[in-house]
J.: 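Shown below is the structure under consideration.
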Number of protein chains: 2
Amino acid sequence: MIRLLLADDQALVRGALAALLDLESDLEVVAQVGRGDEVVTAARDSGAEVCLLDIEMPGLNGIDAAAAVRRELPGVRSLIVTTFGRPGYVRRAIEAGASGFVVKDTPARQLADAVRRVHSGLRVIDPDLAAESLIDGPSPLTGRERELLTHALDGSPVATIAARVHLSEGTVRNHLSAAIGKTGATTRSEAARIAQERGWL
Amino acid sequence: MIRLLLADDQALVRGALAALLDLESDLEVVAQVGRGDEVVTAARDSGAEVCLLDIEMPGLNGIDAAAAVRRELPGVRSLIVTTFGRPGYVRRAIEAGASGFVVKDTPARQLADAVRRVHSGLRVIDPDLAAESLIDGPSPLTGRERELLTHALDGSPVATIAARVHLSEGTVRNHLSAAIGKTGATTRSEAARIAQERGWL
DNA sequence: TGACGGGGATGACAGGTGTCACGGGGAGGT
DNA sequence: ACCTCCCCGTGACACCTGTCATCCCCGTCA
């Protein structure tokens with residue numbers, strides 16, 4: 001019997017996945033949480049062996065939660081199950097210590113197999129995403145560029161961004177100009193969108 | 001026995017919801033589709049009585065799919081089940097003939113109740129969203145403003161948008177300026193983001 | 001020690017952007 | 001007929017933005 005923890009901020013999806021996985025005779029959902037920062041304690045208390053983690057969660061995202069599980073509970077394995085198959089996510093998830101990465105587009109019956117493979121020590125990674133992740137390579141953005149791009153996501157003017165990060169307007173423009181060049185965009189909001197699509201933020 | 005159709009583009013979520021609802025003794029999932037434009041024919045072929053529709057779907061979105069069901073199969077009721085509880089969505093869904101609107105944040109056990117209420121002719125609408133929808137009122141955007149905002153979502157320059165819609169650059173700037181004023185934004189990309197958040201696009 | 005890259009800053013400049021005033025046309029009410 | 005609203009366009013203007021050149025400081029690494 002494989003003991004599972006489910007982490008997803010959408011209660012309906014969480015409950016539905018639990019119903020789906022409980023149908024398997026060798027799987028048992030022993031814990032459910034809706035926030036990333038509750039994963040480690042819930043996994044410890046419930047004695048979970050495999051954690052299914054969504055990426056978009058309040059408190060702590062699924063990738064950082066996988067890293068926390070890796071650090072605090074070395075014997076527990078993590079499987080990222082997320083909506084957005086952004087290439088950068090795969091790389092970061094594996095580097096964070098996750099054992100698997102599947103998107104929510106995959107057929108339902110494959111999920112249980114993925115869980116079993118992860119539990120037995122294998123790695124499960126969506127083949128298409130793995131290829132894309134290799135082609136794109138790691139994020140070319142520097143720390144500042146990434147930070148400023150996240151602030152540019154909502155279309156704020158440069159002056160607003162500069163005030164938020166306590167920098168000169170010119171410096172913000174310079175960093176964003178570099179980010180625009182690296183993403184192949186022509187405006188900062190387009191650059192921010194591209195960077196997010198690739199999982200660079 | 002209530003006969004259900006599930007429409008969600010994420011196969012994993014769709015299958016999980018099916019597993020969850022099949023646990024109820026009086027519910028039966030008789031059809032599953034991953035595209036909005038397959039809803040009507042699948043509902044007709046399977047003899048479904050209630051359709052659970054996600055909004056974000058390829059082919060046809062869930063709101064338009066609900067309208068199609070209303071038109072083609074008057075006896076069949078629709079229940080929108082979606083991730084984003086944007087106020088404008090609720091209004092548009094009800095206007096399109098949907099009988100209910102719930103977000104994927106709601107507890108799993110409430111979904112079956114919502115289905116039963118919709119099947120019996122009642123309306124089920126998330127209370128918080130209903131209130132927000134009334135406060136915000138309908139979209140103040142004109143047709144052109146809405147169209148141009150959708151093109152501005154990705155941060156394209158005005159010249160690109162003008163070329164895409166075959167309009168003068170000045171005209172595009174004027175419409176977008178009006179949209180910026182109506183959304184309370186200061187840039188077109190911020191206006192586009194705000195409009196999308198409110199379900200005006 | 002010197003080279004190198006990231007971060008921070010300034011100044012200047014061309015071009016893009018948001019705003020306003022003003023014009024015209026057409027559809028829908030009263 | 002008149003008004004109103006939406007749509008389309010032009011021109012002008014102040015301002016914002018993206019780019020480039022040129023500095024500086026600091027940590028790293030050969």
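Convention: sequence-line order gives letters A, B, ...; per-chain numbering from 1.
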J.: Starting from P on dA9(C), measure out to CZ on R173(A) and report it in whole angstrom.
T.: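 Spelled out: CZ on R173(A) to P on dA9(C) is 13 Å.
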J.: So, is R144(A) close to the dG8(C) phosphate, meaning a side-chain N or O under 4.0 Å from OP1 or OP2?
T.: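 Answer is yes, contact under 4.0 Å.
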J.: Whole angstrom is fine here: how far is it from NE2 in H175(A) over to C1' in dT19(D)?
T.: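 My rounded result for the distance is 15 Å.
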J.: How many Å lie between CG on L141(A) and C1' on dG5(C), as a whole number?
T.: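 Going from CG in L141(A) over to C1' in dG5(C) covers 16 Å.
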J.: What is the separation between atom CG on L176(B) and atom P on dC16(D), rounded to the nearest whole Å?
T.: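 Distance, rounded to whole Å: 19 Å.
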J.: For E169(A) and dT19(D), what is the distance between atoms CD and C1' respectively, to the nearest whole Å?
T.: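 About 15 Å, once rounded to whole Å.
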J.: Can R92(B) and Y89(B) be counted as having a side-chain donor-acceptor contact under 3.5 angstrom?
T.: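 Looking only at side-chain atoms, Y89(B) and R92(B) do not form any donor-acceptor pair under 3.5 Å.
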J.: On a heavy-atom basis, which atom in D22(B) and which in E28(B) lie closest, and how many Å separate them?
T.: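 So the two residues come closest at OD1-CA, 3.8 Å.
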J.: Knowing that exactly one of R116(A), Q110(A), R117(A) qualifies, which makes a side chain to side chain donor-acceptor pair (under 3.5 Å) with D113(A)?
T.: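 Answer to the side chain to side chain donor-acceptor pair (under 3.5 Å) test with D113(A) among R116(A), Q110(A), R117(A): R116(A).
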J.: Using whole Å, report how far NE2 of H166(A) lies from C1' of dG7(C).
T.: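 Roughly 17 Å, once rounded to whole Å.
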J.: Is the backbone of P140(A) close enough, under 3.5 Å, to the side chain of K182(A) for a donor and an acceptor to pair up by distance?
T.: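 Yes.
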J.: Is T142(A) near enough to dG6(C) that one of its side-chain N or O atoms lies under 4.0 angstrom from OP1 or OP2?
T.: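 It does not, given that no N or O in the side chain of T142(A) lies less than 4.0 Å from OP1 or OP2 of dG6(C).
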J.: Could you go step by step and tell me if R123(A) and I94(A) meet the side-chain contact (heavy atoms from CB on, under 4.5 Å) rule?
T.: CA-CA 10 Å; R123(A) 291 222 156 148; I94(A) 300 305; 3.6 Å; yes
J.: Report the distance from atom CG of N174(B) to atom P of dC6(D), rounded to the nearest whole Å.
T.: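 Rounded to whole Å, this separation is 14 Å.
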J.: Counting the atoms with a prime plus P, OP1 and OP2 as sugar-phosphate, which does L167(A) contact under 4.0 Å by heavy atoms, base, sugar-phosphate, or nothing?
T.: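 L167(A): backbone/sugar contact only, no base atoms under 4.0 Å.
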J.: May I have the distance from K182(A) (atom NZ) to dG5(C) (atom P), rounded to whole angstrom?
T.: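 In whole Å, dG5(C) P and K182(A) NZ are 12 Å from each other.
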J.: Give, ordered by number, those residues of residues 145-162 of chain B having at least one heavy-atom distance below 4.0 Å to an atom of DNA chain C; if nothing qualifies, reply none.
T.: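 Per residue number, the list reads P157(B), V158(B).
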J.: May I ask you to evaluate whether S168(B) reaches the phosphate of dC8(D), defined as a side-chain N or O under 4.0 Å from OP1 or OP2?
T.: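 Indeed not, no polar side-chain atom of S168(B) lies that close.
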J.: Say whether R144(B) and H175(B), considering side chains only, have a donor N or O and an acceptor N or O under 3.5 Å apart.
T.: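 Distance-only check fails for R144(B) and H175(B).
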J.: What heavy-atom pair brings G155(B) and T187(A) nearest, and what distance separates the two atoms?
T.: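 Closest pair (atom of G155(B), atom of T187(A), distance): O-OG1, 2.8 Å.
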